[in-house]
There are 2 protein chains.
Amino acid sequence: MAKEPNTPLYKVLIDDLKRQIDDGRYKKGDLLPSENDLCKSYGTTRPTVRQALGELTRMGYIIRQHGKGSIVSEPKSGLGILSLKGSTAGVGKKSLRTEMLVKSKRMTWPVDFPYDLTEEQQEAGCIYLARLRYVNGLPTLYEETYITDIDLPRFTMHNVAKNSLFETLKKYHHVEIKEGEQKIWAVMAGNHIADLLSTNAENPIIHMKRSMQTNKRNLVIYSFLYCNTADYFIQDYF
Amino acid sequence: MAKEPNTPLYKVLIDDLKRQIDDGRYKKGDLLPSENDLCKSYGTTRPTVRQALGELTRMGYIIRQHGKGSIVSEPKSGLGILSLKGSTAGVGKKSLRTEMLVKSKRMTWPVDFPYDLTEEQQEAGCIYLARLRYVNGLPTLYEETYITDIDLPRFTMHNVAKNSLFETLKKYHHVEIKEGEQKIWAVMAGNHIADLLSTNAENPIIHMKRSMQTNKRNLVIYSFLYCNTADYFIQDYF
DNA sequence: AAATTAAGCTTGTATATACAAGAAAAAATA
DNA sequence: TATTTTTTCTTGTATATACAAGCTTAATTT
């Protein structure tokens with residue numbers, strides 16, 4: 001597991017606790033160790049521990065209760081794509097298969113790109129990939145992604161299909177999502193999307209446009225997705 | 001403006017800065033006063049100021065840049081209902097009109113209510129209201145809300161239509177949203193919803209089910225909404 | 001035995017401080 | 001003048017500490 005050399009302690013704590021929750025070491029309803037206990041374990045002080053617990057709260061991993069402790073919350077179901085950092089913790093993780101329709105390739109930005117691009121972004125070009133996600137064998141989510149081609153050597157080599165895109169970016173390129181914006185519509189599938197998602201053109205489909213800032217300037221990620229919510233739904237915690 | 005007597009300083013800061021941004025005192029791209037300046041103005045220290053700025057960042061009001069400052073970010077457009085705390089800052093705020101279809105009334109929970117209720121909630125009953133929101137004259141969003149009827153004396157008296165529901169709850173009942181969950185589908189409007197939103201039954205519509213925990217135990221808010229995204233869309237910052 | 005009180009845990013808020021690191025402006029150099 | 005270096009201002013991370021307030025359990029009292 002390649003790690004940035006000087007990872008802040010509070011981020012180490014976030015990753016550690018998150019992994020233990022994901023792995024089932026802590027289950028729903030369990031109490032995490034108290035803040036003071038965590039201080040001792042990690043040799044730090046409460047403000048640092050609290051910074052980590054605060055972020056885990058925002059991510060929906062725990063709920064904190066004054067006078068009681070940090071309670072591990074509902075394991076995420078649904079597709080979970082609305083929530084930050086693309087933790088595809090949805091539907092049990094095993095029942096989710098991702099197929100790469102367009103392997104990541106370098107190219108120039110499309111002329112009709114719906115977001116404003118800085119000069120630096122224009123010059124850098126982008127990496128494009130298209131994926132189709134199956135939930136329990138049903139093609140449910142089609143996603144096109146554009147990533148500014150800055151500081152991403154040998155990116156196309158890595159297999160983004162297996163791991164989450166965001167995990168790949170974090171692990172191998174130290175790129176992390178900082179903030180973003182998403183727009184949502186309900187649309188009719190149309191012929192192309194209906195074909196991809198094995199449904200009919202008149203079916204209602206969730207359409208989203210997302211842009212995400214990262215810790216690297218000008219490295220912005222855009223994704224356009226179509227989701228068939230006939231059998232599943234999109235879920236999100238805040 | 002009724003205020004809880006001992007509002008934490010960092011929340012005062014949040015409200016102050018938020019108001020100044022909403023009022024246009026700080027515009028998009030402007031720099032907020034530096035953390036040290038804010039410390040002096042409010043007679044406090046950086047950790048407290050940073051707690052406030054951190055929450056404003058999460059709310060999408062500012063973007064913080066290492067070495068530069070806190071930049072006031074894009075004013076929210078779209079309907080903004082996906083984001084927490086129902087700040088209906090969407091579409092300019094003036095172009096949004098809310099019509100009360102069912103004035104808030106006390107009742108027992110529906111028998112087919114889709115969420116699990118605790119015994120305390122069952123006993124308490126609920127307050128029900130239904131609203132229709134117009135954006136620039138077009139009926140765009142239909143929302144049904146159920147609130148656990150605990151500690152809300154004279155709630156039905158207040159006019160929830162004008163102010164946001166969440167503002168009313170905060171101002172008069174000291175109820176604040178802590179966390180929540182939302183599920184999203186694309187559905188066909190159907191006759192009933194199509195009638196309310198002045199569209200046809202075959203049109204694709206966003207359907208959401210949301211549950212929100214508050215700072216008061218057992219006081220949970222549920223809302224079910226239908227949104228026509230033909231002319232507008234739902235937006236969300238993270 | 002039952003109700004009340006107190007003690008001891010927890011998280012919430014806050015102060016005071018220190019150094020690191022990014023960004024921009026000012027000063028020094030070529 | 002143009003470039004480089006330095007300085008200064010900014011936010012990021014972290015330690016150490018203090019008291020308030022919510023929750024649970026144990027001790028005390030009735």
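Keep in mind that this is a model prediction, so the values were computed, not measured.
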ask   = Rounded to whole angstrom units, what separation is found between the CD1 atom of Ile62(B) and the P atom of dT10(D)?
value = 15 Å
ask   = So Trp185(A) and Phe233(B), would you call those rings parallel, tilted or perpendicular, with 30° and 60° as cut-offs?
value =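 Because their plane-to-plane angle lies in the 30° to 60° range, the rings of Trp185(A) and Phe233(B) count as tilted.
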request  = Anything under 30° is parallel, anything over 60° is perpendicular, the rest tilted; go ahead and classify Tyr222(B) against Phe113(B).
outcome  =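 It falls in the perpendicular class, over 60°.
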key: Those residues that, when tested against Leu31(B), pass side chain to side chain contact (heavy atoms under 4.5 Å, CB included) (two or more places apart)   = Ile71(B)
Footprint string (nucleotides 7-15 of chain C, 5' to 3'): B base within contact, S backbone only, - free, heavy atoms under 4.0 Å = ---BBBBSB
message = Evaluate Lys18(B) against Glu55(B) for side-chain contact (heavy atoms from CB on, under 4.5 Å), listing each step before the verdict.
response = CA-CA 10 Å; Lys18(B) 193 147 61 84; Glu55(B) 295 214 16; over 6 Å; no
query = With a 4.5 Å limit on heavy-atom distance, are the side chains of Ile62(B) and Leu17(B) in contact?
reply = no
